[in-house]
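Here's the structure, in structure tokens; my notes come after.
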Amino acid sequence: MQVIVAREDEGVFVVLDSSGRRALPEAGFVEYLTRVERADAPRWVFPSVDRLYPVLLRAGLRISRCHDLSLTEGLLLAAEGRAGQPKALPAAWARLHGLEPPPDEPSAADAQPALFETRGSGLPAGVGVAEAAREVLADQDRRMKRVEHPERFRLLAAAESASALVAAEMRADGLPWRADVHDALLTELLGPRVPAGQRPKKLVELAARISEAFGGKAVNPDSPQTIVRAFGREGISIPSARAHVLRKVDHPAVPLLIEYRELARLHSANGWAWLDEWVAEGRFRPAWVVGGVVSGRWASSGGGALQIPKTLRVCVRADPGWKLVVADAAQLEPRVLAALSGDRRLAEASASTDLYARLSEAMFAGTMSAEEGRPRAKIAMLSAMYGGTAGEAASLLALLRQRFPDAVSYVEHAAQAGERGERVRSRLGRVSPAPSEAWRALTGGANDDSATESRARQAARNWGRFTRNFVVQASAADFTAVLLATLRRKLPEPAQLVFFQHDEVIVHTPGQLAAQVEAAIAESVAESTALTFGPACPVHFPMPAATVTTYADAK
DNA sequence: ACTTCCGAGCTT
DNA sequence: CCTAAAGCTCGGAAGT
């Protein structure tokens, strides 16, 4: 059973199912949905989960499954070679009717709330939003039958839609964040809190000592150009003021600059201003952007949720009586490559929790120790997936190719396809964008002069590196989307998914349910492996879970 | 005063 | 730095 739900202008909500159409005010809408969800748990169809589901969450309603028209449209457009076109309902409907598709509105998370509420549907006057959604849904059903593996693509659309539910729920629940611990940490490292725009005491002192180290001339350590010039006056020529460049310079200002930059980074990125803006009532509530990266990885908007420095993990603490269950898919990408390529020997190596140690044995047994071999095996595998050639990488990759030819040729075929300008696809059907017209013009024909020819080869290789990585990273995103969808269903009430970062989840749970949560994670990984890569997939995906009080204790 | 770009650094 | 790429955010600096 499918039920379309949508918001019309002026806070009126519409429900459309086989028995007809109902227009309801918000309160009646939520009440109706609650009743139907309890009775039938239908597949709700949303023009955009991101825009509508927060309304339901605020009223205390959680739904079990849905179809997100906007996210599915994006996946379909990519699969059809039309990536980058607007994907919201008005655009999808317009394309269906041969009209010019309007550009997507900014996401609900970014929009000004007042503007967002008063905006129209974006559809022509007289076209009902639920009726437009019904047309687009039927169209998507048709188009999903025409992709290369329709059953995989349906799973992808379902998992992506469920991911959107997770993202909205994670924002509503929030990541437990102890502002008092954060404030104490800042005070310890930077000195007492100062008003916005001012340098804390510790930074003021360091800036003064830096100027002294440069002979008393004022040097603003926040300005890279000024730092480069200051070293120039000392007779030291450096290409940039990056930390790794500074570390190689022998000068009394260097350790001060490095300390200043570390503390200034903490202050500007995650200082008191960040705390005031993003943490309230013990929760950090970022906006998560499902499919915000072309590979299908999530992005975040506001608060830098995917860039939280490790030093601040101590601030992530379970509520009294609760625990955090932190689980990380170990060496996910090489295992994904094993599953994609069907490389038997790599699949056998995946039986070990420490994949790189097993690779090292396969590559270097008898020739070097595990301590020497493991980091080289890791470089070899990462070079295969990322296209690296620097240093030893090329020779290590050649050895990896000897031992695991199917895995290495899988990514090399993806790279060659990219160099030819072809698109590549993930396991469940995410498709890479086509290269730009400028890229085609540059790489398309024979170039007269050698400089242009060299740039063309460079551009082709760069795009090949992108497609090489895409097949692995996007398939990993397939797997984690299915995992999120599965885990969401299995978590015992009232445990909540509160954080997701590419291959890692945090669940906030009452302490007595932590063991059940760990079991739910293990079951979800097993089911997601079979769903994503097939029931006979021989690859092992370890996802060790740790039950802790603070995120900092997880690894 | 405002916009745009760059350098830098954080995560995976 | 070391193996690659993408995305977010900040502050400084340059341009309008």
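The shown structure was predicted, so the numbers you read here are calculated from the model rather than taken from an experiment. Letters A, B, ... mirror the listed sequences (proteins, then strands); counts begin at 1. Values reported hereafter were calculated over all heavy atoms of this structure, with side chains retained and with hydrogens, waters and symmetry mates removed.
The aromatic rings of A:Trp439 and A:Trp463 sit tilted relative to each other, their planes meeting at an angle between 30° and 60°.
In summary, the aromatic rings of A:Phe499 and A:Trp177 are positioned with their centroids too far apart to meet the 6.0 Å limit.
Taking atom CG of residue A:Leu246 and atom P of nucleotide B:dG9, one finds them 8 Å apart after rounding to whole Å. The distance from atom CD of A:Gln473 to atom P of C:dG7 is 9 Å, rounded to the nearest whole Å. As rounded to whole Å, 8 Å separates atom P of B:dA8 from atom CD1 of A:Ile227. Taking atom CZ on A:Arg265 and atom C1' on C:dC10, their separation rounds to 7 Å, with Å as the unit. Distance A:Leu397 CG to C:dA4 P: 12 Å, rounded to the nearest Å. In this structure, the CG atom of A:Asn220 is 17 Å from the P atom of B:dG7, given to the nearest Å. When rounded to the nearest whole Å, the span between CD1 of A:Ile308 and C1' of B:dG9 equals 15 Å. In this structure, the CD atom of A:Glu262 is 16 Å from the P atom of B:dA8, given to the nearest Å.
The 12-atom threshold is not exceeded at CD of A:Glu437, counting heavy atoms of other residues, nucleotides or ligands nearer than 6.0 Å.
Defined by atom type and a distance below 3.5 Å, a donor-acceptor pair is missing between the side-chain atoms of A:Gln458 and A:Arg455. Side chains of A:Lys323 and A:Thr549: a donor on one and an acceptor on the other come within 3.5 Å.
When distances run from any side-chain atom of A:Ser383 to the nucleotides C:dG12, C:dT3, B:dA8, the shortest one goes to C:dT3. Closest to the side chain of A:Ser268, out of B:dC10, C:dT3, C:dC10, is C:dC10. Among the nucleotides C:dA6, C:dA4, B:dT12, the one closest to any side-chain atom of A:His502 is B:dT12. Of the listed nucleotides (C:dT3, C:dG11, C:dA5), C:dA5 has the atom at the smallest distance from the side chain of A:Arg465. For A:Arg313, whose side chain is taken as the heavy atoms from C-beta onward, the closest listed nucleotide among C:dA4, B:dG9, B:dT12 is B:dT12.
In this structure, A:Ala241 reaches the sugar-phosphate backbone alone: every heavy-atom distance under 4.0 Å involves primed, P, OP1 or OP2 atoms, never a base. Within 4.0 Å (heavy atoms only), A:Asn469 reaches no atom of the nucleic acid at all. Here A:Arg376 lies out of heavy-atom contact (under 4.0 Å) with every strand. Residue contacts shown for A:Ala243 are limited to sugar-phosphate atoms, with no base heavy atom under 4.0 Å away. Across all strands, A:Asn270 comes closer than 4.0 Å to no nucleic acid atom at all (heavy-atom distances).
Proximity of A:Lys310 to the phosphate of B:dT12: a side-chain N or O atom is located under 4.0 Å from OP1 or OP2. Residue A:Thr226 places at least one side-chain N or O under 4.0 Å from the OP1 or OP2 atom of C:dA13. For B:dA8, one of the phosphate oxygens OP1 or OP2 lies less than 4.0 angstrom from a side-chain nitrogen or oxygen of A:Ser240. OP1 or OP2 of C:dG7 has not a single side-chain nitrogen or oxygen of A:Ser300 nearer than 4.0 Å. For B:dG9, one of the phosphate oxygens OP1 or OP2 lies less than 4.0 angstrom from a side-chain nitrogen or oxygen of A:Arg261.
Two residues, A:His244 and A:Arg297, neighbour DNA chain C, and the one matched to the more 5' nucleotide by heavy-atom proximity is A:His244. Toward the 5' end of DNA chain C, the nearer of the two residues A:Trp274 and A:Val293, judged by each one's closest nucleotide, is A:Val293.
Salt bridge present: A:Glu333 and A:Arg297 bring a charged side-chain N and a carboxylate O closer than 4.0 Å. Electrostatic pairing of A:Arg82 and A:Glu80 counts as a salt bridge here, judged by a charged N lying under 4.0 Å from a carboxylate O.
Rounded to whole Å, the separation between the P atoms of B:dG9 and C:dC1 comes to 10 Å. The separation of B:dA8 from C:dC2, taken at their P atoms, amounts to 15 Å, rounded to a whole angstrom.
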